[in-house]
Amino acid sequence: MSNAVQKNAHHTTEFRTESFGVPWESRYGYVQAVKRGDTIHLSGQVAHNGTELVAPAPIDDAGLVTDFANTGAQLRQCYTNAAELLRRFGASLDDVVEEVIYAVDVDAADAAAGPVRKEAYGRPDPQVASTMIGTPRLAFRELLVEVRFVARV
């Protein structure tokens, strides 16, 4: 975690970051979350538990996903990780105003997203602007979904 106060000619703004300490943060060079003022930006959350991928998709010898059945389990872990990061800022998924779901298979993600999102947000009509985008692959070949969040506190 990093805490800093950034100043400019007009105002002073709190600036904090949070990370999980997973190897790919330092390899790629990023933090998991940044809070500036009353806004928290979460990097795309993937299905990991801090040490390994959760519900990795099976891949063939060519590195292609052979089964998308773990999409829901991965999506659930993305929301779990987001909730943990938000908690570190004294926030929760209730403070999320926008999310973007990146999916390797949009049909599988669409089928999983409704139930998983409703469970994560604890209501049948999550009050979150949401976009789903199809992508040919994510950072690790075994990943099926990634979710980026913006929260206001």
*Asks:* Going through the distances and angles, do Phe20 and Glu84 end up as a side chain to side chain contact (heavy atoms under 4.5 Å, CB included)?
*Replies:* CA-CA 10 Å; Phe20 283 124; Glu84 168 57 23; 3.9 Å; yes
*Asks:* Once rounded to the nearest 0.5 Å, what's the spacing between atom CG of Leu42 and atom CD of Glu98?
*Replies:*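 It comes to 12.0 Å.
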*Asks:* So, for Pro56 and Asn70, which heavy atoms are closest and what is the spacing to 0.1 Å?
*Replies:*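 It is O-ND2, 3.1 Å.
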*Asks:* Any chance you could measure Ile101, atom CD1, to Thr71, atom OG1, to the nearest 0.5 Å?
*Replies:*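 Ile101 atom CD1 to Thr71 atom OG1 measures 11.0 Å (nearest 0.5 Å).
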*Asks:* Could you walk me through whether Gln45 and Gln77 pass side chain to side chain contact (heavy atoms under 4.5 Å, CB included), step by step?
*Replies:* CA-CA 8 Å; Gln45 295 303 298; Gln77 187 65 42; over 6 Å; no
*Asks:* Looking at residues at least two apart in the chain, or sitting in another chain, which of them share a side chain to side chain contact (heavy atoms under 4.5 Å, CB included) with Asp107?
*Replies:*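 With sequence neighbours excluded, Asp107 shows a side chain to side chain contact (heavy atoms under 4.5 Å, CB included) to Asp105, given in chain and number order.
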*Asks:* For Val46, does its backbone N or O pair with a side-chain atom of Asn81 as donor and acceptor, under 3.5 Å?
*Replies:*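 Yes, because the side chain of Asn81 sits within donor-acceptor range (under 3.5 Å) of the backbone of Val46.
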*Asks:* Check for me, please, whether Phe89 and Val153 land in the same ILVMFWY cluster - side-chain distances under 4.5 Å, paths through other members count.
*Replies:*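 Phe89 clusters together with Val153.
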*Asks:* Strictly distance-based, threshold 3.5 Å: is any side-chain N or O of Asp60 a donor or acceptor partner for the main-chain N or O of Gly63?
*Replies:*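 Confirmed, Asp60 side chain pairs with Gly63 backbone.
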*Asks:* Going only through I, L, V, M, F, W and Y residues with side-chain contacts under 4.5 Å, is there a path from Tyr30 to Leu86?
*Replies:*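 As far as the 4.5 Å side-chain criterion goes, Leu86 and Tyr30 are connected within one cluster.
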*Asks:* Does any part of the side chain of Glu14, heavy atoms only, come nearer than 4.5 Å to the side chain of Lys35, both counted from C-beta?
*Replies:*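 Yes, at least one pair of side-chain atoms sits under 4.5 Å.
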*Asks:* Side-chain polar contacts of residues 129-149 - donor-acceptor pairs under 3.5 angstrom, sequence neighbours left out - could you list them?
*Replies:*
residue	atom	partner	partner atom	Å
Ser130	OG	Glu99	OE2	2.7
Thr135	OG1	Arg137	O	3.3
Arg137	NH2	Ala139	O	3.1

*Asks:* Can you check side chain to side chain contact (heavy atoms under 4.5 Å, CB included) on Glu18 and Gln32, steps first, answer last?
*Replies:* CA-CA 6 Å; Glu18 287 287 342; Gln32 294 286 341; 5.6 Å; no
*Asks:* Any side-chain to backbone donor/acceptor pair from Glu25 onto Gly21? Under 3.5 Å, distance only.
*Replies:*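 Yes; judged by distance alone, with no hydrogens or angles, the pair exists.
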*Asks:* Please name all residues satisfying side chain to side chain donor-acceptor pair (under 3.5 Å) with Thr80, sequence neighbours left out, ordered by chain then number.
*Replies:*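 Thr80: no side chain to side chain donor-acceptor pair (under 3.5 Å) contacts found.
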*Asks:* So, taking the atom named CZ in Arg88 and the one named OG1 in Thr17, what distance separates them when rounded to the nearest 0.5 Å?
*Replies:*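 One gets 10.5 Å once the value is rounded to the nearest 0.5 Å.
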*Asks:* Can you list every ring-ring contact (aromatic ring centres under 6.0 Å, His included) pair that touches residues 51-72, not counting sequence neighbours?
*Replies:*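 For residues 51-72: none.
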*Asks:* Under a single-linkage rule joining Ile, Leu, Val, Met, Phe, Trp and Tyr whose side-chain heavy atoms are separated by less than 4.5 Å, which residues share a cluster with Val150?
*Replies:*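 Val97, listed by chain and number.
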*Asks:* Apply side chain to side chain contact (heavy atoms under 4.5 Å, CB included) to the pair Arg117 and Val128, showing each step before the final yes or no.
*Replies:* CA-CA 10 Å; Arg117 290 179 70 254; Val128 176; 4.1 Å; yes
*Asks:* Are any side-chain N or O atoms of Gln127 and backbone N or O atoms of Asp125, one a donor and one an acceptor, separated by less than 3.5 Å?
*Replies:*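 Here the side-chain-to-backbone pair exists.
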*Asks:* What side-chain donor-acceptor pairs closer than 3.5 Å can you find for residues 48-55, not counting sequence neighbours?
*Replies:*
residue	atom	partner	partner atom	Å
His48	ND1	Gly50	N	2.9
Asn49	OD1	Thr51	N	3.1
Asn49	OD1	Thr51	OG1	3.1
Asn49	OD1	Glu52	N	3.0

*Asks:* Do Phe15 and Val34 have side chains that approach each other closer than 4.5 Å (heavy atoms only, starting at C-beta)?
*Replies:*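 When only atoms from C-beta onward are counted, Val34 and Phe15 do touch, with a gap below 4.5 Å.
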*Asks:* Between Ser26 and Pro23, what is the shortest heavy-atom contact and its length?
*Replies:*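 So the two residues come closest at OG-O, 3.2 Å.
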*Asks:* Is Val31 close to Ser19 at the side-chain level, that is, under 4.5 Å between some pair of heavy atoms?
*Replies:*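 In contact.
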*Asks:* Considering all heavy atoms of both residues, which atom of Ala112 and which atom of Gly72 are nearest to each other, and what is their separation?
*Replies:*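 It is CB-CA, 3.6 Å.
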